[in-house]
Amino acid sequence: MRREMEYLSTRGGSEPVSSAVAIKTGLAPDGGLFVPESLPEIDLTEAAAAAAQGYRELAGLILRPFLSDYSDGELGGVIEKAYGGNFDTPEIAPVHLTGEKMGFLELWHGPTCAFKDLALQALPHLLKTAVAKTGDRSEIVILVATSGDTGKAALEGFRDLPGTRVIVFFPDQGVSKIQERQMTTQEGANTHVVAVEGDFDKAQAGVKRLFADEELKTAMHRQGMAFSSANSINWGRLVPQIVYYFWSWFEGREKGLFAEGEEVNIVVPTGNFGNILAAYYAKQMGLPVHRLVCASNKNNVLTDFINTGFYDRRRQLYRTISPSMDILVSSNLERLLFELVDRDPAAVRGFMGRLQEEGCYQLGAEAHARLQEEFWGGFGNDEEAMATIGDVYEKYGYLIDTHTAVGVKVCRDYREETGDQRPAIIAATASPFKFTRSVVQAVMGEESCRGKDDFALLEALSAFTGEEIPAALRGLREKPVRHRLKTSPEGMKEVTGQILGIN
Ligand SMILES: *Cc1c(COP(=O)(O)O)cnc(C)c1O
């Protein structure tokens, strides 16, 4: 008989639940995050055989023990829908080798050209199956506040999925022209996009208010609807990310990035700590990784934390050219803390309480030593990222985006400071075409940007490099705008009521 995997809260105040309940619930009832009671060990020979058959076969092998309450048919269905035909390459996440013993794990071949697709193509199906399995008949209403990439990835993931609706709120000042157009041209009968006056914090605070609004929830309940969330603390977003680290290792080995028996390092440009946490889990499950390198932009809270054991969010948030990493509170870090303190929920409650009340906390010496054994932290500012994009293109003819550039910069720093020259797998988190203005400026010079809008820059970059514009971004200028709703933050409830027909 198969063993059932249960999920615990990092704060210890909730009953263990099945994976379906963890995914349906999102946040644990005590405010903690769900973590699996143990991490399954993966047999590398078996995994290699699965990977040789393809990404979906490997995904089945890795996800199976985590999602033990999903039937084989249900899990197979989720994987087929997620990775069956929505990526522009059958490899799903190919590894591209340059020099310097670097292999770029390209996580941007999905429908929105950023790595969140890898999880958000799977999560809607995991969630819908979870709702059905737990006997719930509600129509699921997903609310998302986005600073750019998540909103579009959620829209694409949930588009036309029966029994679900998705409403995305984006700040009218705060997403790029391309990101805005990606969202406002979204197709699908169940998708809704609303511009909110103000910045991301306004939109996010508004969504939090909607989630907590009892009046709205009661009215929805009467009509058979219930809110759910697709944000990055949901276990259903994290678990699909473990798959591609295993995949990248087999791809790297096959392409000669490293020799038999040689260890690699994994470098991840980080914001909410979700992507790098998936790499950490992969390592705990048996992937032969030496060190995890955590790369931040000028918002270097995590670099300081890894160096000193002191987490301090009391600082200014900078806007950078890698906006998906402009974060001061990395929510998924809580899951790592849980491991660093030997899964002691009281210690996690202590840290999170101090973070809430004082804005900072200090790890004990033992936990800090463990953190440093697994992770190395570094950061790069905008100028360094720009120089790195230019340099990598010049040396290897390879285009990287602004987030990935921070990864390369920090990878080089790591090697220089530690002398550790092991080969590196670098998570390439977005297509360079998604952050075109910075990339054009870095490889073609500032002059080339003058007077051109983002759409013209796509063409210019493609013409200059000979690289094709990804299908998802091609033709965006001509695509009809389907969503024109706009509201003040105060009006978000009314707009939501109108969309759901409950006024
Ligand atoms: C979301 C995002 C990141 C940060 O990932 P986390 O899981 O939040 O650490 C990095 N790069 C890009 C392009 C992203 O969209």
Side-chain angles (χ1 to χ4, degrees), residues 81 85-88 108 110-114 116-117 120-121 123-125 127-128 139-198 200 202-204 206-207 210 220 225 227-231 430-431 433-434 436 453-459 469-489 491-503:
K81 286 179 194 131
N86 304 335
F87 287 73
D88 69 10
W108 43 260
T112 79
C113 305
K116 289 177 179 71
D117 286 330
L120 276 165
Q121 285 294 304
L123 175 76
H125 305 290
L127 186 62
K128 189 174 154 58
E139 181 181 14
I140 314 165
V141 179
I142 302 289
L143 297 184
V144 181
T146 186
S147 57
D149 289 341
T150 308
K152 178 63 183 177
L155 288 163
E156 276 299 320
F158 282 95
R159 152 162 95 145
D160 289 328
L161 181 65
T164 71
R165 289 207 219 183
V166 53
I167 309 177
V168 168
F169 296 93
F170 74 87
D172 72 345
Q173 308 148 21
V175 301
S176 77
K177 194 83 212 146
I178 286 182
Q179 287 174 319
E180 177 179 337
R181 193 66 72 94
Q182 275 189 302
M183 290 189 276
T184 56
T185 59
Q186 177 66 43
E187 288 159 10
N190 65 339
T191 62
H192 306 275
V193 177
V194 185
V196 179
E197 289 157 12
F200 172 62
K202 287 261 166 30
Q204 187 168 45
V207 163
L210 293 178
M220 286 174 63
M225 293 186 263
F227 280 141
S228 192
S229 125
N231 66 23
S431 159
F433 283 93
K434 202 158 181 182
T436 335
D453 71 5
D454 286 8
F455 300 105
L457 289 175
L458 283 177
E459 307 286 341
I469 303 172
L473 301 177
R474 225 181 292 143
L476 208 50
R477 196 194 330 228
E478 287 74 36
K479 246 181 148 183
V481 170
R482 300 185 65 242
H483 305 274
R484 298 178 191 279
L485 285 174
K486 187 166 176 171
T487 178
S488 64
M492 285 170 69
K493 180 174 175 181
E494 201 185 322
V495 170
T496 304
Q498 280 165 10
I499 289 172
L500 299 177
I502 54 174
N503 269 355

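L127 CG to S228 OG: the interatomic distance, rounded to the nearest 0.5 Å, is 4.5 Å. Once rounded to the nearest 0.5 Å, the distance linking OG of S176 with CD of Q182 reads 7.5 Å. Separating the CD atom in E156 from the CE atom in M183 is a distance of 12.0 Å, to the nearest 0.5 Å. Distance check, rounded to the nearest 0.5 Å: CG of L161 to CD1 of I142 gives 9.5 Å. Note: I499 CD1 to N190 CG = 12.0 Å, rounded to the nearest 0.5 Å. Taking CG of L473 as the start and CZ of F455 as the end, the distance is 9.5 Å to the nearest 0.5 Å.
Among L485, L210, V193, T146, the single residue meeting the side-chain contact (heavy atoms from CB on, under 4.5 Å) criterion with F169 is L210. Each of H483, R477, K479 was evaluated against T185; a single residue qualifies, K479, per the side-chain contact (heavy atoms from CB on, under 4.5 Å) test.
With contacts defined as side-chain heavy-atom distances shorter than 4.5 Å, the pair H192/V166 does not qualify. Under the 4.5 Å side-chain criterion, counting only non-hydrogen atoms from C-beta, I167 is in contact with L500. At least one side-chain heavy atom of E459 sits less than 4.5 Å from a side-chain heavy atom of I469.
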Let's go through F170 and T184 carefully: what are the C-alpha distance in whole Å and the side-chain angles of both, what is the deciding distance for side chain to side chain contact (heavy atoms under 4.5 Å, CB included) to 0.1 Å, and is it a yes or a no?
CA-CA 10 Å; F170 74 87; T184 56; 4.2 Å; yes
Between L143 and F227, does the side chain to side chain contact (heavy atoms under 4.5 Å, CB included) criterion hold? Intermediate values first, please.
CA-CA 7 Å; L143 297 184; F227 280 141; 3.4 Å; yes
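The two residues K202 and P489 come nearest to each other via the heavy atoms CD-CG, 3.7 Å. Residues V144 and G151 share a closest heavy-atom pair of CG1-CA, 4.2 Å. Nearest heavy atom pair, residue F200 against residue P171, reads N-CB, 3.6 Å. The two residues L476 and I178 come nearest to each other via the heavy atoms CD2-O, 3.8 Å. Smallest separation of non-hydrogen atoms from N86 and K81: ND2-O, 3.1 Å. The two residues A153 and L120 have their closest heavy-atom pair at CB-CD1, 3.6 Å.
Comment: D149 engages K434 in a salt bridge, judged by a side-chain N to carboxylate O separation of less than 4.0 angstrom. A salt bridge between R159 and E187 is present, with a side-chain N of the basic residue lying under 4.0 Å from a carboxylate O of the acidic one. Here R181 does not pair with D454 in a salt bridge; the nearest charged N to carboxylate O distance is not below 4.0 Å.
Residue pairs meeting the salt bridge (Lys or Arg N to Asp or Glu O under 4.0 Å) criterion with at least one partner in residues 164-176, sequence neighbours excluded, are E139-R165, D172-K486.
A donor-acceptor pair shorter than 3.5 Å can be found between the side chains of K152 and Q186.
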